[in-house]
2 protein chains.
Amino acid sequence: MEAKTDVPTSPMEVTRGLREACMSCSLHELCLPRGLSGHDLERLDTLVDRRGPHHEGDHLFRVGDRFESIYAVRAGSYKSYTVDSEGREHVLGFHLPGDLLGLDAIYPSHHLCNAMALDTSTVCALPYDQLSILSGEISGLRVQIMRLMSKDLADTATLAGDFTAEERLAAFLVGLSSRFRERGYSPREFNLAMSRRDIANYLRLATETVSRVFARFEKDGLIEVERRAVRLLDLPRLQSLCEAMGGLQR
Amino acid sequence: MEAKTDVPTSPMEVTRGLREACMSCSLHELCLPRGLSGHDLERLDTLVDRRGPHHEGDHLFRVGDRFESIYAVRAGSYKSYTVDSEGREHVLGFHLPGDLLGLDAIYPSHHLCNAMALDTSTVCALPYDQLSILSGEISGLRVQIMRLMSKDLADTATLAGDFTAEERLAAFLVGLSSRFRERGYSPREFNLAMSRRDIANYLRLATETVSRVFARFEKDGLIEVERRAVRLLDLPRLQSLCEAMGGLQR
DNA sequence: ACTTAAACTTGATCTAGATCAAATACCCGG
DNA sequence: CCGGGTATTTGATCTAGATCAAGTTTAAGT
């Protein structure tokens with residue numbers, strides 16, 4: 001048996017604790033700490049409340065929950081989604097390590113969507129009022145928060161467009177691929193954390209259509225897909241399929 | 001003949017200049033100044049570079065332009081849009097007085113979309129680096145910038161969902177209605193600044209479909225529409241048509 | 001291993017909305 | 001007031017993708 005990982009009880013565990021500090025986090029360059037120097041980083045670090053692990057199906061927050069913190073995904077992945085009055089689910093996004101969650105709740109001060117773990121996952125919670133104060137004092141932090149929000153705005157806008165099922169799915173795969181690359185994983189071969197149904201809801205397609213387009217892509221030699229495991233065989237061609245959308249997506 | 005409006009040359013013009021200060025701007029409560037006290041407001045005011053008028057079809061910025069300022073619409077209206085590699089236009093949003101434009105360009109530091117005046121329109125340009133510095137010093141300004149970005153994120157997410165043509169158009173009208181109400185105009189009766197084609201591109205529908213749904217709404221006694229002039233006859237029923245979407249939209 | 005349920009795929013239809021095709025209305029410059 | 005271009009409406013088809021309907025594979029218990 002391994003020791004429980006959520007209570008540091010040995011020197012080894014303490015070392016592990018240190019490794020989890022922003023300073024030594026591998027997501028450094030993607031996440032809030034980007035561009036921050038040693039001392040500022042330490043100050044940010046004191047705000048961080050590391051939470052989890054959440055297991056598949058666990059909720060990080062739900063519609064209507066009071067907004068208190070924004071979350072940075074540390075490990076695993078989450079989906080954000082809403083359920084409309086007809087009971088239809090709309091997936092708003094998939095969130096990988098380094099992504100921020102909960103930004104849309106700042107204005108109304110309560111959450112507008114649900115966030116559910118797709119995997120065994122953990123987050124860093126950043127209490128928003130403290131973060132806001134700190135961002136007044138550290139211009140680099142302010143800059144990075146704005147950058148990340150701006151990026152979210154741009155990404156969402158891309159998805160909003162009117163595109164074919166092929167374009168959407170190609171963009172989805174290419175987008176995931178570059179996000180994995182940024183995070184140091186293979187951009188050619190990865191596992192989908194989300195179900196076909198989630199992908200379909202995200203891309204505004206029927207599950208069956210997603211399945212069929214996957215099959216078509218495989219037949220055309222663009223990808224190899226077996227259940228959740230995907231290998232991109234012809235990234236250039238996939239990119240050209242979705243260049244109409246500006247190339248990528250999240 | 002009236003005097004040119006862009007060069008203050010008389011006491012009257014000076015008065016007009018004062019009226020245009022943030023402090024006395026009617027958009028105060030919607031726009032960046034919200035929640036700012038007298039002195040802070042004056043500081044914000046010194047950043048503002050009032051530009052225009054732009055005439056119908058004029059561009060405020062275009063894809064690829066270097067990002068320098070964010071813009072607050074002062075009068076008139078703009079649309080933001082992209083043109084994809086197939087030449088299809090995708091309208092991202094319509095921007096009324098008090099709305100901010102250009103936020104999605106912060107991250108890449110160049111504009112990702114075009115912004116075009118739909119009417120004779122003016123903006124307040126806020127140089128982003130100065131605004132960023134000032135927002136470090138004035139917490140209320142920081143709060144308001146985050147609120148407005150957060151709102152944009154939430155709005156865009158709503159549009160991204162999978163809804164019928166009726167739901168979309170109803171939400172569009174209801175959204176416009178509440179935005180006009182917020183701005184002190186009639187929520188029941190207004191003029192559309194945008195063409196059917198723009199509406200269609202925004203809602204991911206064909207122009208013909210927009211036309212037909214307008215006709216259907218009119219036949220059902222929901223609205224009266226003549227060219228660009230719209231009167232909402234049954235707001236409650238329109239709202240119930242789009243409640244699936246969470247009620248509104250921009 | 002056996003059951004049951006969920007996830008996924010595949011095939012057959014159906015349909016909302018796109019596209020194609022005119023006709024009509026409006027607007028603007030001369 | 002007139003001619004030509006653009007915006008809008010209306011009608012007739014067409015089609016991408018939805019929906020309906022079985023299968024099939026996988027995973028989790030028991």
Classify the ring geometry of A:His59 against A:Tyr81: parallel below 30°, tilted from 30° to 60°, perpendicular beyond 60°.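 Aromatic pair A:His59/A:Tyr81 classed tilted.
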Any side-chain N or O of B:Arg197 under 4.0 Å from OP1/OP2 of D:dA7?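 No, outside the criterion.
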Between A:His95 and A:Tyr71: side-chain donor-acceptor atoms closer than 3.5 Å: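 Their side chains do not contain a donor-acceptor pair, so the 3.5 Å distance test is not met.
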Integer-rounded Å distance: [N] [atom2] and [X] [atom1]:
X        : N      : atom1 : atom2 : value
B:Phe217 : D:dT9  : CZ    : C1'   : 17 Å
B:Lys219 : D:dT10 : NZ    : C1'   : 14 Å
B:Arg228 : C:dA25 : CZ    : P     : 18 Å
A:Leu169 : C:dT9  : CG    : P     : 11 Å

Any residue in residues 77-89 of chain B with a heavy atom nearer than 4.0 angstrom to DNA chain C? Just list them by number, or reply none.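 Here the set is empty: none.
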For B:Tyr107, what residues pass the ring pair (Phe, Tyr, Trp, His ring centres under 6.0 Å) criterion, not counting sequence neighbours?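 Counting only residues at least two positions away or on another chain, B:Tyr107 forms no ring pair (Phe, Tyr, Trp, His ring centres under 6.0 Å).
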Do side-chain atoms of [X] reach the backbone of [Y] as a donor and acceptor pair under 3.5 angstrom?
X        : Y        : result
B:Arg237 : B:Asp220 : yes
B:Ser150 : A:Leu103 : yes
B:Arg183 : B:Pro97  : yes

Taking the cut-offs as 6.0 angstrom to the six-membered ring centre and 45 degrees off its axis, would you call A:Arg196 and A:Phe214 a cation-pi pair?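 Yes, a cation-pi geometry holds between A:Arg196 and A:Phe214.
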Give a yes or no on this: more than 12 heavy atoms of other residues, nucleotides or ligands lie within 6.0 Å of atom CD of B:Glu226.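 No, not enclosed.
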Any chance you could list the contact pattern along nucleotides 13-30 of chain D? Use B for base contacts, S for sugar-phosphate-only contacts and - for none, protein heavy atoms under 4.0 Å, 5' to 3'. ----SSBBB----S----
